[in-house]
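Just so it is clear, the model here is predicted, and its values are computed rather than measured.
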Amino acid sequence: MEPHQPPFLVFGAPQIDEAEIAEVVACLRSGWLGTGPRVAQFERDFAHFRGIPAAQVAAVNSCTAALHVSMLAAEIEPGSEVITTPLTFCATVNAILHAGLTPVLADVDPSTQNIDPDAIEAAITPRTRAILPVHFAGRPCEMDRIMAIARKHNLVVIEDCAHAVEAEYRGQPLGTFGDFGCFSFYVTKNVTTGEGGMILGRSEEQLATARILALHGMSQDAWHRFGDKGYKHYQVVECGFKYNMMDVQAAIGLHQLARVEESWRRRVEIWQRYDHAFASLPIRLPAPADAETRHGRHLYTLMIDSQRCGITRDDFLEHMNHARIGTGVHYLSIPEHPYYQRRFGWTPEQWPHAMKIGSETVSLPLSPAMSDGDVQRVIEAVHAIIAN
């Protein structure tokens with residue numbers, strides 16, 4: 001007879017409360033599942049949360065979609081270069097390619113793990129038209145330096161805020177520095193709608209273009225065509241995409257967003273427990289949050305150096321899985337993936353900081369849904385693996 005095993009601790013499991021469940025049920029009973037009143041309310045709530053007018057936000061079905069239509073709405077000439085980080089999810093680079101643009105990678109700072117402004121400067125060519133910084137793990141990039149570079153070279157800035165919904169740089173919310181800010185509400189994110197995203201635009205005109213592009217290029221969405229105010233004809237004014245958010249998704253997001261501060265504080269508590277518990281181990285912890293910033297606390301990343309720890313990162317992952325604790329790898333650097341190697345001839349060694357971080361990093365569970373006992377299980381497992 002096998003010994004009793006603890007439940008598997010799923011990496012990135014969201015906290016879903018009764019309020020979300022009741023809202024989804026109400027949405028299903030309402031007969032309106034697609035883009036409608038709940039999406040509109042979610043947009044208004046999100047705009048209020050970030051301190052901007054409601055006309056400057058648009059809900060979409062993913063951060064990838066948000067990035068894609070933002071680049072198109074910015075009217076960046078096809079083939080132009082967009083500088084971004086090699087330490088990101090593939091969607092960042094794929095969105096650049098889908099927009100008909102050329103990705104150029106600039107290495108990260110080894111401490112912050114965010115794109116290095118000096119590397120951005122070094123990567124600029126006469127073909128550069130935009131910078132796409134990613135606020136990795138919830139840590140704000142150096143937005144003052146990045147915006148200064150953008151002004152100097154007349155570049156568009158599109159912020160990838162997938163990890164950083166609550167984060168701020170010198171008192172200003174991330175996503176409001178650049179021409180566009182793009183957010184993710186994927187299931188593992190700090191605010192979730194299951195799948196979903198949001199675009200923030202500095203220009204209401206460009207945001208309106210992004211909104212039209214996100215729904216087939218139509219001038220009216222279905223709610224405004226079929227609602228109780230009478231049928232409205234629509235016109236196709238752009239060649240758009242099917243990127244709209246559904247009311248069923250927004251029903252979840254409304255209550256997730258209402259608890260965003262409470263959830264952030266819980267992740268701060270877990271983060272501090274991890275910092276204290278792992279301080280004596282021969283592993284590298286996340287750098288402290290910079291002064292005058294608010295860290296989004298999205299990913300708690302350890303770096304496992306096999307020479308210091310006596311175990312490789314991948315063996316550490318296996319041991320954690322054996323302990324029934326889910327972990328993540330954020331991220332293998334972009335040039336390690338075969339597609340980009342084939343297409344661009346990139347090799348990981350060209351961006352050594354990202355390559356090293358990508359080969360040594362493991363992300364631990366960090367969710368407000370975790371109990372204190374769950375956190376203790378993670379701590380004990382890490383100690384047992386590293387100590388042995």
query: Is the closest side-chain heavy-atom distance between I334 and W351 below 4.5 Å?
result: no
task: Tell me whether V329 is reachable from V108 by hopping between hydrophobic residues (I, L, V, M, F, W, Y) whose side-chain heavy atoms are closer than 4.5 Å.
output: no
- request: Give, for atom CG of L155 and atom CE of M147, the distance between the pair rounded to the nearest 0.5 Å.
  value: 9.5 Å
query: Which value, rounded to the nearest 0.5 Å, describes the distance between Q235 atom CD and M218 atom CE?
result: 12.0 Å
field: ring-ring contact (aromatic ring centres under 6.0 Å, His included) contacts in which one or both residues fall within residues 286-323, not counting sequence neighbours
entry: H163-H298, W271-H295, W271-Y300, Y274-Y300
query: Can you tell which of M303, H353, R139 makes a side chain to side chain contact (heavy atoms under 4.5 Å, CB included) with Q113?
result: M303
task: Let me see the working for V104 and T84 under side-chain contact (heavy atoms from CB on, under 4.5 Å), right down to the final yes or no.
output: CA-CA 6 Å; V104 172; T84 194; over 6 Å; no
- prompt: Listed by chain and number, what are the side chain to side chain donor-acceptor pair (under 3.5 Å) partners of E269, not counting sequence neighbours?
  reply: R266
message: Are more than 12 heavy atoms, taken from residues, nucleotides or ligands other than H153, located less than 6.0 Å from that residue's NE2 atom?
response: yes
field: Separation of I96 CD1 from I158 CD1 (nearest 0.5 Å)
entry: 8.5 Å
- line: With sequence neighbours left out, the residues meeting salt bridge (Lys or Arg N to Asp or Glu O under 4.0 Å) with D315 are none
query: Sequence neighbours excluded, which residues qualify as side-chain contact (heavy atoms from CB on, under 4.5 Å) partners of A19?
result: H255
query: Hey, are the side chains of P365 and D374 touching, using non-hydrogen atoms and a 4.5 Å cut-off?
result: no
- prompt: Does atom CD of E75 have more than 12 heavy-atom neighbours from other groups under 6.0 Å away?
  reply: no
message: Does E205 have more than 12 heavy atoms from other residues, nucleotides or ligands lying within 6.0 Å of its CD?
response: no
query: Does some side-chain heavy atom of K152 sit less than 4.5 Å from a side-chain heavy atom of I149?
result: no
query: Are the aromatic rings of F46 and F185 close, with centres under 6.0 Å apart?
result: yes
- prompt: Heavy atoms, side chains only, cut-off 4.5 Å: are C141 and I115 in contact?
  reply: yes
query: Salt bridge or not for R202 and E159, using N-O below 4.0 Å?
result: no
task: For R267, check side-chain contact (heavy atoms from CB on, under 4.5 Å) against everything at least two apart and list the hits.
output: E166, N190, S263, W264, R297, L366, P368
message: Taking I83 as the starting point, is it possible to reach V156 by hopping between hydrophobic residues whose side chains are less than 4.5 Å apart?
response: no
message: Suppose we screen for ring pair (Phe, Tyr, Trp, His ring centres under 6.0 Å). Which residues come up paired with F180, at least two apart in sequence or across chains?
response: none
- prompt: Between OG1 of T85 and CD1 of I131, what distance do you get to the nearest 0.5 Å?
  reply: 13.0 Å
statement: When every non-hydrogen atom of H383 is compared with those of S280, the smallest separation belongs to CE1-OG, 4.4 Å
field: Rounded distance [0.5 Å steps], CD in Q376 versus CZ in R273
entry: 5.5 Å
statement: Interatomic distance, CG@L207 vs CG@D179, rounded to 0.5 Å, equals 12.0 Å
query: Could you walk me through whether R145 and E121 pass the salt bridge (Lys or Arg N to Asp or Glu O under 4.0 Å) check?
result: CA-CA 10 Å; R145 291 193 59 195; E121 284 265 31; over 6 Å; no
Any donor-acceptor N or O pair under 3.5 Å, side chains R44, Q41: yes
query: Does a sphere of radius 6.0 Å around CZ in F89 hold more than 12 heavy atoms from other residues, nucleotides or ligands, not counting ones at 6.0 Å or beyond?
result: no
message: Checking Q249 now: which residues fulfil side chain to side chain donor-acceptor pair (under 3.5 Å) with it, not counting sequence neighbours?
response: none
task: Tell me, with the steps shown, if T327 and N321 meet side-chain contact (heavy atoms from CB on, under 4.5 Å).
output: CA-CA 8 Å; T327 52; N321 189 64; over 6 Å; no
- prompt: Residues two or more places apart in sequence or in another chain: which of them pass ring pair (Phe, Tyr, Trp, His ring centres under 6.0 Å) with H330?
  reply: F11
Working for side-chain contact (heavy atoms from CB on, under 4.5 Å), residues E336 and W346: CA-CA 8 Å; E336 294 189 59; W346 290 342; over 6 Å; no
- prompt: Salt bridge between R284 and E360, side-chain N to carboxylate O under 4.0 Å?
  reply: no
Flag if over 12 foreign heavy atoms under 6.0 Å of OH, Y169: yes
field: Qualifying residues under side-chain contact (heavy atoms from CB on, under 4.5 Å), relative to A162, sequence neighbours excluded
entry: C63, D160, S184, K189
Check against side-chain contact (heavy atoms from CB on, under 4.5 Å), T361 and Y331: CA-CA 7 Å; T361 295; Y331 297 96; over 6 Å; no
field: Nearest atoms (heavy-atom pairs only) where G79 meets T102
entry: O-OG1, 3.2 Å
message: If hydrophobic clusters are built by linking Ile, Leu, Val, Met, Phe, Trp and Tyr wherever their side-chain heavy atoms come under 4.5 Å apart, do M320 and I304 end up in the same one?
response: yes
- prompt: Are V362 and I379 connected in a single hydrophobic cluster, I mean Ile/Leu/Val/Met/Phe/Trp/Tyr linked by side-chain heavy atoms less than 4.5 Å apart?
  reply: yes
Show me the donor-acceptor pairs, under 3.5 Å and distance only, between side chains in residues 65-74 and residues at least two apart or in other chains.
residue: H68; atom: ND1; partner: Y243; partner atom: OH; Å: 2.8
residue: H68; atom: NE2; partner: H98; partner atom: O; Å: 3.4
residue: S70; atom: OG; partner: A66; partner atom: O; Å: 2.7

message: P14: which residues meet the side-chain contact (heavy atoms from CB on, under 4.5 Å) condition with it, sequence neighbours left out?
response: I16, V187, T192
Ring geometry between Y340 and F344 (parallel below 30°, tilted from 30 to 60°, perpendicular above 60°): parallel
- request: Hey, could you give me each pair passing side-chain hydrogen bond (donor to acceptor under 3.5 Å, both in side chains) that has a residue in residues 54-66? Not counting sequence neighbours.
  value: none
query: Same cluster or not: are L302 and M370 linked, directly or through other Ile, Leu, Val, Met, Phe, Trp or Tyr residues, by side-chain heavy atoms under 4.5 angstrom apart?
result: yes
